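Following: one structure in structure tokens, then a few remarks.
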There are 2 protein chains.
Amino acid sequence: MVITIDGSSADPIYLQLRGQIISAIASGELSPGDPLPSVRSLASDLGINLHTVNKAYAVLRDEGYLIMRGRAGAVVADRGLASVRRAHEEQGERMVETLRRLALAHRARGGSYEEFMTEAAAAADDAFAQDEGAAPRGEEN
Amino acid sequence: MVITIDGSSADPIYLQLRGQIISAIASGELSPGDPLPSVRSLASDLGINLHTVNKAYAVLRDEGYLIMRGRAGAVVADRGLASVRRAHEEQGERMVETLRRLALAHRARGGSYEEFMTEAAAAADDAFAQDEGAAPRGEEN
DNA sequence: GTGTATTTGTTCGTATGTATT
DNA sequence: TAATACATACGAACAAATACA
């Protein structure tokens, strides 16, 4: 699980962290139950403040991607939990709303229905490209 | 062109304005060349500050949806203009990036490829539902 | 034509809250 | 918790164009 921080990016650090952790979960590099580094160690590794890592973890918890157990550390959430399901549903609704806005803006630019769907398919292809079963216990991707 | 402001919304006023104007352009209710209300009159109608309207217009200009000609007022941008094309291309790249992030998060939640594409199609259906030819002066493309 | 009032977007400053670290 | 920066919304005043008596 290699994480890199771009200090010159427009995105705040905690969102960069969030994105890369989500990406790792999506690809299967991190599976439900897997532990994450402590906020202190990760902050130290990346050379950033522990508050920043903590914020990223907290956001991921609110969105249903992580479970935070205080001193016991953070782990990737099990999707069976009711609270996690609820959070994921909320995220799903956000996604729908965002898709709607994207499609509207696309049309306002003169784009076509087919163009939009082509781009959506490309994004999905990209996100689902890395095979889930390939990295059971591996590192380095 | 009915615009409504929700003061209790989480979205800032100028973004609510932006969204509704984009929606009007997408549906063909507003066509390239059509004039928009002056910032003062629209602000007065909505009971908000002229700066807030001006900000909405300014971001829409930056994104290539409007042309602002100072005192001559703002009009819906003609998509043939080079500067507009450039802005729209940039918006398109943003859309692709957002789609990628949405798809990744969707998969991290345990969602499937097909689910994502179904939601994307629903959003596109929604955005392209209102037929362009029904508007008083709709054409182009 | 001249002077005045009106309308336009812009400039500058301010208050308040939120975000980020 | 606190510091610092940024975002949001507003108000007063400005300069230029327009309308009109």
Side-chain angles (χ1 to χ4, degrees), chain A residues 3-22 36-63 65-66 68 70-71 74 90-91 94 97-98 101 105, chain B residues 1 3-22 30 33-78 81 83-84 87 90-91 94 97-98 101 105:
Chain A
I3 292 184
T4 57
I5 296 302
D6 176 9
S8 66
S9 167
D11 291 337
I13 298 172
Y14 80 96
L15 286 185
Q16 295 182 43
L17 260 174
R18 169 186 171 269
Q20 295 185 49
I21 292 171
I22 286 179
L36 276 79
S38 74
V39 291
R40 278 192 160 77
S41 66
L42 183 52
S44 171
D45 286 353
L46 300 174
I48 60 181
N49 195 289
L50 78 162
H51 292 308
T52 306
V53 176
N54 192 57
K55 168 110 184 184
Y57 281 12
V59 169
L60 288 164
R61 161 177 47 75
D62 292 344
E63 294 173 342
Y65 297 107
L66 298 185
M68 293 181 75
R71 299 181 48 77
E90 200 174 313
Q91 288 304 110
R94 278 177 187 279
E97 182 57 29
T98 302
R101 284 205 266 238
Chain B
M1 172 86 185
I3 293 184
T4 57
I5 295 301
D6 176 9
S8 67
S9 167
D11 290 337
I13 298 173
Y14 81 96
L15 285 186
Q16 294 183 44
L17 261 175
R18 180 190 93 114
Q20 295 185 49
I21 293 172
I22 287 180
L30 286 176
D34 285 357
L36 276 80
S38 75
V39 292
R40 273 192 159 82
S41 66
L42 184 51
S44 172
D45 286 355
L46 299 175
I48 61 180
N49 195 280
L50 77 164
H51 289 109
T52 307
V53 176
N54 194 53
K55 167 115 185 181
Y57 282 12
V59 309
L60 286 165
R61 159 177 48 75
D62 292 344
E63 294 173 342
Y65 297 108
L66 298 185
I67 303 288
M68 292 181 76
R69 312 146 149 183
R71 297 183 38 79
V75 298
V76 178
D78 184 327
L81 297 176
S83 62
V84 169
E90 202 175 311
Q91 287 304 111
R94 279 177 187 279
E97 182 58 29
T98 302
R101 284 203 269 238

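As the structure is a computational prediction, the values presented were derived from the model and not from experiment.
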Quick one: list whatever passes side chain to side chain contact (heavy atoms under 4.5 Å, CB included) with B/Ile13, sequence neighbours left out.
-> B/Ile5, B/Ile48, B/Thr52
A/Leu36 vs A/Leu60 side-chain heavy atoms within contact, under 4.5 Å = no
For B/Tyr65, ring pair (Phe, Tyr, Trp, His ring centres under 6.0 Å) partners two or more places apart = B/His88
Where along nucleotides 10-21 of chain C does protein come under 4.0 Å, by heavy atom, of base (B) or sugar-phosphate alone (S), with - for untouched nucleotides?
-> BBB-------SS
Taking the side chain from B/Glu63 and the backbone from B/Gln91, do they hold a donor-acceptor pair closer than 3.5 Å?
-> no
Write down the distance between CZ (B/Arg18) and C1' (D/dA9), rounded to a whole number of angstrom.
-> 18 Å
With the side chain counted from C-beta on, respond yes when B/Ile21 and B/Ile3 share a heavy-atom pair under 4.5 Å apart, and no when they do not.
-> yes
Overall bend of the helix from C/dT2-D/dA21 to C/dT21-D/dA2 (five pairs an end, 10° steps) is 10°
Using atom CG of B/Leu42 as one end and atom P of C/dT7 as the other, report the distance to the nearest whole Å.
-> 16 Å
Got A/Tyr57 and A/Pro37 here, is their nearest side-chain heavy-atom distance under 4.5 Å?
-> yes
Mind checking whether B/Asn49 and B/Lys55 have side chains closer than 4.5 Å, heavy atoms only?
-> no
Roughly how far, to the nearest 0.5 Å, is OG1 of A/Thr4 from CG of A/Leu17?
-> 9.5 Å
Got a sec? Which of residues 57-64 of chain B come in under 4.0 Å of DNA chain C, heavy atoms?
-> none
Let me see the working for A/Asp62 and A/Arg94 under salt bridge (Lys or Arg N to Asp or Glu O under 4.0 Å), right down to the final yes or no.
-> CA-CA 13 Å; A/Asp62 292 344; A/Arg94 278 177 187 279; over 6 Å; no
With sequence neighbours left out, the residues meeting side chain to side chain contact (heavy atoms under 4.5 Å, CB included) with B/Pro12 are B/Tyr14, B/Leu15
